[in-house]
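To keep things clear, I will list the structure first and then write my remarks on it.
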Amino acid sequence: MLESRHLLKSELPFPDHVIEWHIQKGLIKTEKPIAKTAKGFICKRCGQDQQTFFAKYPCFICDKTCVYCRSCVMMGRVSECTPLLTWKDADLPKWPAVRMEWRGVLSEGQEKAASSIVEAIRKKEELLIWAVCGAGKTEILFQGIEFALTKGLRVCIATPRTDVVLELAPRLKNAIKGVEIAALYGGSPDRGMLSPLMISTTHQLLRYKEAFDVIIVDEVDAFPYCLDKKLQYAVKKAGKQQCTRIYLTATPSREMKRHVGSGRLKAVQIPARYHRSPLPEPEFAWCGNWKKRLERKNIPSAVKNWLFKHKELDQPVFLFVPSIQTLQSAVRLLKKEHFNTAGVHADDPDRNEKVKQFRSGAFDILVTTTILERGVTVKKAQVGVLGAESAVFTESALVQISGRAGRHPQFPTGAVCFFHFGKTVNMIAARRHIQQMNKMAKLENLID
């Protein structure tokens with residue numbers, strides 16, 4: 001039997017008497033969502049144990065004052081008197097109809113990683129795939145997913161961002177046939193499903209318990225997952241006790257690197273892109289006090305000249321900036337300079353449409369916050385960072401941002417320029433990181 005979904009009664013599409021019958025028959029398990037500990041309270045749905053996240057309210061269900069968890073309240077309030085329900089599914093049969101229709105060829109580095117994933121699934125182990133931006137991480141997963149599904153195992157690909165779910169779902173549906181594939185994110189029509197293969201935001205995994213045999217965490221270092229213990233708890237809770245966990249990233253955390261170094265975590269490195277061209281190494285360009293220039297309604301001349309050069313070459317540019325305020329100023333001023341420009345940020349409702357238009361060539365420049373630092377491929381794209389010394393541009397962010405250039409196999413080169421008002425440790429570390437990966441790839445004969 002398999003414990004799977006971890007839900008409130010209000011989330012079940014059945015009348016109360018039907019639910020109660022299943023509870024009495026032992027088909028649905030109930031669990032107190034708020035547990036008392038020596039230190040206070042802990043939420044069994046999201047794992048929150050910081051006491052500032054717990055509050056009391058007059059409950060209309062039990063007519064008492066109840067404690068509830070504010071940390072995961074956006075998914076429906078869990079309180080002392082509202083049990084979490086977990087029901088048991090009979091073990092599903094194998095999925096013999098599963099077939100892989102992707103017919104691409106993996107590079108040497110990809111093949112090594114793909115074989116390691118299959119072995120990790122076979123042995124139910126943890127594995128880190130440390131692959132540079134543009135290494136073709138999705139294609140690396142196909143062999144492992146096919147192996148797991150043919151063994152009757154449930155697979156979940158979890159990612160911190162909805163954008164990635166929306167991008168991965170159609171690619172996987174085109175590549176893998178014969179099984180149902182669900183995409184889970186806020187507002188998704190598939191929400192609450194339990195399919196053989198699921199692509200989910202890490203937030204949605206709060207609704208599952210011991211449901212998956214294989215969990216693949218894409219961009220494990222990305223915000224908010226890397227800083228949110230609640231999401232890390234969700235990923236842990238969603239896996240079975242004997243669960244394979246695969247972590248994908250181009251920029252592992254220091255803690256992960258320590259675990260790899262000490263032998264606690266197995267890792268496979270792919271230092272080269274699948275098209276065998278080196279990663280573009282960033283250049284540094286001093287642009288003066290760019291904040292004052294923007295306040296005076298001017299784009300720094302070093303930035304403007306660089307942008308004009310790429311416009312003449314018909315090369316679209318991602319221009320990363322540290323804040324929404326900077327983005328709005330830059331878009332307005334670039335339009336005055338006759339650049340066809342748009343801006344996107346996390347709260348922009350038209351973000352996906354603007355990115356689509358940028359891909360189609362509608363804009364010369366797409367000004368963006370770090371929201372687009374990952375997973376976006378645009379032909380001939382060049383990358384500029386205005387205010388690269390800003391604290392928001394960590395080593396990890398700058399490495400990911402640099403990875404937007406030269407991704408397309410038909411255009412494997414590109415310029416990356418960090419415009420700054422003073423070099424930082426993060427800028428230098430990001431460039432060194434990229435140089436070291438190129439050096440490793442050359443030594444392993446993985447780049448031409």
Side-chain angles (χ1 to χ4, degrees), residues 107-110 113 128-137 140 218-223 226 247-254 256-257 260-261 267-286 306 310 315 317-322 368 370 372-378 380-409 411-420 422-448:
S107 68
E108 184 180 339
Q110 287 177 307
L128 169 64
I129 303 297
W130 182 352
V132 298
C133 300
K137 290 192 283 292
I140 291 166
D218 190 25
E219 303 291 5
V220 70
D221 64 305
F223 179 84
C226 62
Y247 307 107
L248 305 178
T249 182
T251 49
S253 66
R254 290 180 183 177
M256 275 196 153
K257 289 178 183 176
V260 171
V268 176
Q269 268 190 278
I270 308 178
R273 289 176 161 176
Y274 69 96
H275 55 49
R276 296 185 62 85
S277 291
L279 299 165
E281 296 181 8
E283 298 178 354
F284 295 172
W286 188 83
W306 186 83
H310 291 295
Q315 295 172 334
V317 171
F318 284 106
L319 183 63
F320 286 84
V321 295
T368 175
T370 54
L372 293 185
E373 72 179 32
R374 300 165 189 263
V376 182
T377 300
V378 176
K380 299 192 288 184
Q382 317 296 304
V383 174
V385 182
L386 175 60
E389 77 281 1
S390 301
V392 69
F393 294 125
T394 61
E395 175 191 346
S396 170
L398 289 171
V399 169
Q400 293 284 353
I401 285 168
S402 300
R404 299 313 98 210
R407 291 171 66 90
H408 200 279
F411 304 96
T413 60
V416 179
C417 192
F418 295 168
F419 296 99
H420 65 90
K423 296 178 186 177
T424 64
V425 170
N426 284 328
M427 291 167 59
I428 295 166
R431 182 162 67 179
R432 187 185 301 121
H433 179 127
I434 292 167
Q435 290 170 338
Q436 287 172 346
M437 285 295 186
N438 282 337
K439 184 178 179 180
M440 186 188 301
K442 191 170 184 180
L443 287 172
E444 295 181 15
N445 197 31
L446 295 175
I447 57 176
D448 299 324

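- Across every non-hydrogen atom of I129 and A113, the tightest pair is CD1-CB, 4.1 Å.
- C417 approaches A285 most closely through the heavy-atom pair SG-CB, 3.6 Å.
- Around the CD atom of Q435, the shell of radius 6.0 Å holds more than 12 heavy atoms that belong to other residues, nucleotides or ligands.
- The minimum heavy-atom distance linking P409 with P412 is given by the pair O-CD, 3.7 Å.
- The OG1 atom of T249 lies 9.0 Å from the CH2 atom of W130; values are rounded to the nearest 0.5 Å.
- Residues A135 and A272 approach most closely at CB-O, 3.8 Å, considering heavy atoms.
- Note that CZ of F393 and CG of N426 are 11.0 Å apart. Values are rounded to the nearest 0.5 Å.
- Put simply, the side chain of I434 reaches to within 4.5 Å of the side chain of S402, judged on heavy atoms.
- Under the side-chain contact (heavy atoms from CB on, under 4.5 Å) criterion, A250 pairs with C133, Q400, not counting sequence neighbours.
- For P252 against L128, the heavy-atom pair with the smallest separation is CB-CD2, 4.3 Å.
- In this structure, H310 and W306 have perpendicular ring planes: the angle between them is above 60°, well past the 30° mark.
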When you look at R374 and D221, which way does the salt bridge (Lys or Arg N to Asp or Glu O under 4.0 Å) test go after all the steps?
CA-CA 11 Å; R374 300 165 189 263; D221 64 305; 2.8 Å; yes

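- Note that OG of S253 is 10.5 Å distant from OH of Y247, once rounded to the nearest 0.5 Å.
- In this structure a side-chain-to-backbone donor-acceptor pair under 3.5 Å is present from R404 to V376.
- Every residue two or more places apart in sequence or in another chain was checked for a salt bridge (Lys or Arg N to Asp or Glu O under 4.0 Å) with K137, and none qualifies.
- Considering only residues two or more places apart in sequence or on other chains, F284 meets the side-chain contact (heavy atoms from CB on, under 4.5 Å) condition with F418, H420, K423, M427, I428, R431.
- Checked against salt bridge (Lys or Arg N to Asp or Glu O under 4.0 Å), R407 has no partners two or more places apart in sequence or in another chain.
- The two residues P322 and L386 come nearest to each other via the heavy atoms CD-O, 3.3 Å.
- Taking CD1 of I140 as the reference point, atom CD1 of I270 lies at 3.5 Å (rounded to 0.5 Å).
- One distance of note links SG of C226 with CD of E219; it measures 11.0 Å at 0.5 Å rounding.
- H275 places a side-chain N or O within donor-acceptor distance of the main-chain N or O of G406, the cut-off being under 3.5 Å.
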Step by step, work out the side-chain contact (heavy atoms from CB on, under 4.5 Å) result for T251 and T394.
CA-CA 11 Å; T251 49; T394 61; over 6 Å; no

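- Note that the CD atom of E283 and the CZ atom of F419 stand 9.0 Å from one another [nearest 0.5 Å].
- The salt bridge (Lys or Arg N to Asp or Glu O under 4.0 Å) test applied to E373 returns no partner, not counting sequence neighbours.
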Table please: side-chain donor-acceptor pairs of residues 437-448 below 3.5 Å, with sequence neighbours left out.
{"unit_1": "N438", "atom_1": "OD1", "unit_2": "L279", "atom_2": "N", "d": "2.8"}
{"unit_1": "N438", "atom_1": "ND2", "unit_2": "L279", "atom_2": "O", "d": "3.0"}
{"unit_1": "N438", "atom_1": "ND2", "unit_2": "E281", "atom_2": "OE2", "d": "3.2"}
{"unit_1": "D448", "atom_1": "OD1", "unit_2": "R276", "atom_2": "NE", "d": "2.9"}
{"unit_1": "D448", "atom_1": "OD1", "unit_2": "R276", "atom_2": "NH2", "d": "3.3"}

